[in-house]
Amino acid sequence: MEYFVQQLINGLTLGSIYGLIAIGYTMVYGIIGMINFAHGDIFMIGSFIALTMFLVLTSVLGFTFLPVVLLIVLIVSMLFTSAWGWTVERLAYRPLRGSFRLAPLITAIGMSILLQNFVRVTQGARVKPLPPQIQGGITLFEGNTETGAMVVQLSYMQLIIIGTTVVLMTIFSLIIARTSLGRAQRACEQDRRMAALLGVNVDRTISLTFLMGAALAAVAGVMFLLLYGVIDFYIGFLAGIKAFTAAVLGGIGSLPGAMLGGLLIGLIEVFWSGYFTVEYKDVAAFSILAIVLIFLPSGLLGRPEVEKV
């Protein structure tokens, strides 16, 4: 029981990171119907920006008060990563918006490769470590297992990740449901041409959607860096594929579905690694995705797409 609860906490933590990245996929797909395969690399850039800011603030400027350092790192990472997201949309995707459907997809894959190699050349191919910044945790309960005593602990870092995810999910859901930007996004999702005729600035709405998705990816990048303490130029590809899988599993185009899919993928990976073998955790996650899509082609919370005649 103790081992199960600990793995449950670990799975929710990992799934929260996947969910934050998956929201960016589902927001972009919901509005322009395009899979932004470069989104995982935007997450990777956010983690590198966070690492750079940590080193500058602590080693160069001598900041030691951790809450202030974390706040500055988070804000700067969100700003710079959002700028990257806007630049990618403006240069790579907007010129191809009226083209055939495969053109933006191919461009997204090319942009992903470009961002990966840009970071590899500028930052090097070696892994970049960060010493643990947030240590300690809350002991929930203790018990005995076959291998000895076991302590179930919720670390402060895990608590921050889960809490931040819940807060951001609530904020973005309210933005989509109750603001003029959210109404514009929902209008563009239903019919971009009609939305433009009714006065919605479609280009601005799409750009802001990329900005929002990139900002969430930056938060996920900061959390990933603080949780694992090691990053490299390839983490964006792996996390991006997992987050895309989460978005499809939950129902691409649905924000709650993206978060639900992220949590499920995280739980599947962690439980499979804990109870079976770590080498096949990805196989388990993608197999569950295939099984779900056989019976629910639109995902767990997705809506069937209606073809207009």
Side-chain angles (χ1 to χ4, degrees), residues 2-27 39-44 46-47 134 137-138 140 152-170 172-173 213 216-231 234-252 254-293 296 299-302:
E2 292 81 9
Y3 187 71
F4 174 84
V5 174
Q6 187 64 66
Q7 295 301 327
L8 178 65
I9 294 172
N10 297 339
L12 291 175
T13 304
L14 180 60
S16 297
I17 295 176
Y18 286 155
L20 287 176
I21 308 172
I23 289 175
Y25 276 108
T26 204
M27 288 175 67
H39 188 64
D41 299 286
I42 297 294
F43 152 81
M44 176 265 296
S47 65
I134 302 175
I138 303 170
L140 300 180
V152 178
Q153 188 178 59
L154 176 64
S155 70
Y156 293 134
M157 190 64 242
Q158 291 174 322
L159 189 61
I160 290 172
I161 291 175
I162 295 173
T164 302
T165 301
V166 171
V167 170
L168 288 176
M169 185 66 194
T170 304
F172 272 75
S173 297
L216 285 177
V219 175
V222 174
M223 298 304 171
F224 185 92
L225 173 66
L226 291 172
L227 182 64
Y228 293 106
V230 176
I231 58 172
Y234 202 63
I235 62 169
F237 176 78
L238 296 175
I241 292 296
K242 302 284 181 61
F244 172 64
T245 304
V248 175
L249 178 63
I252 194 160
S254 167
L255 259 65
M259 184 54 65
L260 176 62
L263 293 175
L264 288 176
I265 293 295
L267 290 170
I268 292 168
E269 280 194 15
V270 169
F271 277 116
W272 191 275
S273 301
Y275 285 98
F276 299 102
T277 174
V278 68
E279 287 84 1
Y280 289 94
K281 62 183 176 66
D282 295 337
V283 175
F286 290 118
S287 298
I288 296 296
L289 171 67
I291 293 170
V292 169
L293 291 182
L296 296 170
L300 295 174
L301 300 182

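Here the side chain of Thr26 pairs no donor or acceptor atom with the backbone of Ala22 at under 3.5 angstrom. Of the possible polar contacts, none joining the Thr277 side chain to the Tyr280 backbone as a donor-acceptor pair under 3.5 Å is found. Put simply, the side chain of His39 gets close to the backbone of Ile21: a donor and an acceptor are under 3.5 Å apart. In this structure, Ser16 contributes its side chain and Ile162 its backbone to no donor-acceptor pair below 3.5 Å. Remark: side-chain polar atoms of Thr164 are not paired, donor with acceptor, to backbone N or O of Ile161 under 3.5 angstrom.
By the side chain to side chain donor-acceptor pair (under 3.5 Å) test, Glu269 is found to be paired with Tyr18, Lys242, residues two or more places apart in sequence or in another chain being considered.
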Handout entry: Evaluation steps, side chain to side chain contact (heavy atoms under 4.5 Å, CB included), between Gln153 and Ile9
Key = CA-CA 9 Å; Gln153 188 178 59; Ile9 294 172; over 6 Å; no
Exercise for the section: Would you sort out whether Leu264 and Ile288 count as a side chain to side chain contact (heavy atoms under 4.5 Å, CB included), showing the intermediate values? Expected result: CA-CA 10 Å; Leu264 288 176; Ile288 296 296; over 6 Å; no
Exercise for the section: Apply side chain to side chain contact (heavy atoms under 4.5 Å, CB included) to the pair Asp282 and Trp272, showing each step before the final yes or no. Expected result: CA-CA 9 Å; Asp282 295 337; Trp272 191 275; over 6 Å; no
Exercise for the section: Determine, step by step, whether Met44 and Ile231 satisfy the side chain to side chain contact (heavy atoms under 4.5 Å, CB included) criterion, reporting the C-alpha distance in whole Å, the side-chain angles of both residues, the deciding distance to 0.1 Å, and the verdict. Expected result: CA-CA 8 Å; Met44 176 265 296; Ile231 58 172; over 6 Å; no
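Side chains of Thr165 and Leu12 form no contact here, defined as non-hydrogen atoms less than 4.5 Å apart. For the pair Phe286 and Ile241, the minimum side-chain heavy-atom distance is below 4.5 Å. Between Leu255 and Met169 the shortest side-chain heavy-atom distance falls below 4.5 Å. Proximity of Ile17 to Leu227: side-chain heavy atoms (C-beta onward) are separated by under 4.5 Å at one or more points. For the pair Leu216 and Phe43, the minimum side-chain heavy-atom distance is 4.5 Å or more.
A centroid separation of less than 6.0 Å is found between the aromatic rings of Phe271 and Phe4.
Relative ring orientation between Tyr25 and Phe244 is described as tilted, the plane-to-plane angle lying within the 30° to 60° band.
Atoms CG and OH, on Leu154 and Tyr156 in that order, are 9.5 Å from each other to the nearest 0.5 Å. Annotation: the span from Leu296 atom CG to Ile291 atom CD1 amounts to 12.0 Å, rounded to 0.5 Å.
Among all heavy-atom pairs drawn from Ser254 and Gly257, the shortest one is OG-N, 3.1 Å.
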